[in-house]
Amino acid sequence: DQQVKQNSPSLSVQEGRISILNCDYTNSMFDYFLWYKKYPAEGPTFLISISSIKDKNEDGRFTVFLNKSAKHLSLHIVPSQPGDSAVYFCAASWGWNNNDMRFGAGTRLTVKP
Amino acid sequence: NAGVTQTPKFQVLKTGQSMTLQCAQDMNHNSMYWYRQDPGMGLRLIYYSASEGTTDKGEVPNGYNVSRLNKREFSLRLESAAPSQTSVYFCATRDRGVSGANVLTFGAGSRLTVL
């Protein structure tokens, strides 16, 4: 039962353009959504999060949008840089003391110079 | 400040062999986790420990055991390895981020191949 889905295994964009990574979820109990970035041979690192009571959170070049009615969130990277090339995981959790965070399968982003 | 350290980084086992993956953290976090990452599956929780002395099953616990030795260390044991346990294993700790979200800090991973 995959409660968090990333339907695009890969995405390729030109340097300087916008990257949009998408994520869908099924569990309406999720109250926090997170994005992690993973480089080869490293563990995932936290990038940005959003609470379910918000629809947008921005941190520098990274913005996450949440559409609760559609159970959909997206990560926008503007402008994209070659160093952004990595696998991006969408994750969701519910209840601050709940230990079961669910992850999507990941989207591999390639930013071409 | 090493964060979360996992050993070994790579291991090849034969079916039926046993081994233990070690994880240590210096972040003074109470909660620790073991995930496995498989192609097309994302990260799935195997076991977690909310505090020293406690452990609980996650989404895919079958074939694994864990030990929370102290606050710093959380080990994952495969008693009789199977090819289905070929995966990349990640240890993580949890903290509360400024936004209120639970943020995980991961180790670099341990790549395990079972022949």
Side-chain angles (χ1 to χ4, degrees), chain A residues 1-10 23-25 27 30-54 56-59 62 64 66 73 86-108, chain B residues 2-7 9-10 21 23 25 27 29-51 54-61 66 68 74 88-111:
Chain A
D1 175 25
Q2 218 167 354
Q3 299 184 34
V4 178
K5 296 181 181 179
Q6 294 176 256
N7 292 319
S8 298
S10 63
C23 178
D24 297 297
Y25 62 95
N27 189 342
F30 289 139
D31 56 6
Y32 280 100
F33 303 90
L34 303 90
W35 286 93
Y36 287 83
K37 179 168 73 173
K38 184 185 179 305
Y39 292 119
E42 296 182 11
T45 56
F46 170 70
L47 186 58
I48 191 170
S49 65
I50 187 167
S51 163
S52 61
I53 63 173
K54 297 188 175 182
K56 176 182 174 181
N57 188 30
E58 189 172 354
D59 184 2
F62 303 91
V64 56
L66 176 62
L73 65 153
V87 176
Y88 289 78
F89 290 100
C90 173
S93 66
W94 65 103
W96 89 268
N97 204 33
N98 189 305
N99 289 284
D100 193 0
M101 184 173 291
R102 297 293 173 127
F103 286 81
T107 297
R108 181 178 301 279
Chain B
V4 180
T5 303
Q6 294 181 230
T7 55
K9 292 192 185 305
F10 302 95
L21 300 177
C23 176
Q25 55 116 349
M27 306 177 78
H29 291 164
N30 286 319
S31 298
M32 297 185 72
Y33 306 79
W34 277 104
Y35 283 88
R36 58 179 288 174
Q37 184 199 359
D38 301 293
M41 301 292 289
L43 293 108
R44 291 181 293 168
L45 181 64
I46 304 170
Y47 269 94
Y48 66 93
S49 170
S51 61
T54 69
T55 61
D56 283 287
K57 296 178 181 179
E59 186 183 359
V60 288
V66 291
R68 183 74 181 268
F74 188 38
V88 181
Y89 292 85
F90 290 99
C91 178
T93 67
R94 186 192 78 176
D95 194 13
R96 197 134 188 230
V98 292
S99 68
N102 288 317
V103 175
L104 299 177
T105 299
F106 289 89
S110 299
R111 182 176 292 275

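All heavy atoms count here, side chains included; hydrogens, waters and symmetry mates do not. Here is how names work: the chains are called A, B, and so on, in the same order as the sequence lines, proteins then strands, and each is numbered from 1.
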Tell me if a side-chain donor or acceptor on A/W35 pairs with a main-chain N or O of A/F62 at a distance below 3.5 Å. no

Chain A contact via B/L43 - side chain, backbone, both or neither, heavy atoms under 4.5 Å: both

Is it the backbone or the side chain of A/Y36 that comes under 4.5 Å from a heavy atom of chain B, or both, or neither? side chain

Run the side-chain contact (heavy atoms from CB on, under 4.5 Å) test against B/K57 and tell me which residues pass, sequence neighbours left out. B/Y47, B/P61

With distance as the sole criterion, is a donor-acceptor pair present between the side chains of B/T93 and B/Q25 under 3.5 Å? no

Among all residues two or more places apart in sequence or in another chain, which pass the ring pair (Phe, Tyr, Trp, His ring centres under 6.0 Å) test with A/F89? none

Is it the backbone or the side chain of A/K54 that comes under 4.5 Å from a heavy atom of chain B, or both, or neither? neither

Sort out for me which of B/K9, B/Q37, B/R111, B/R44 touches chain A most, counting heavy-atom pairs under 4.5 Å. B/Q37

For A/Y25 and A/F33: C-alpha separation, side-chain torsions, deciding distance, then whether ring-ring contact (aromatic ring centres under 6.0 Å, His included) applies. CA-CA 10 Å; A/Y25 62 95; A/F33 303 90; 4.6 Å; yes

Chain A contact via B/Q6 - which portion, at a heavy-atom distance below 4.5 Å: neither

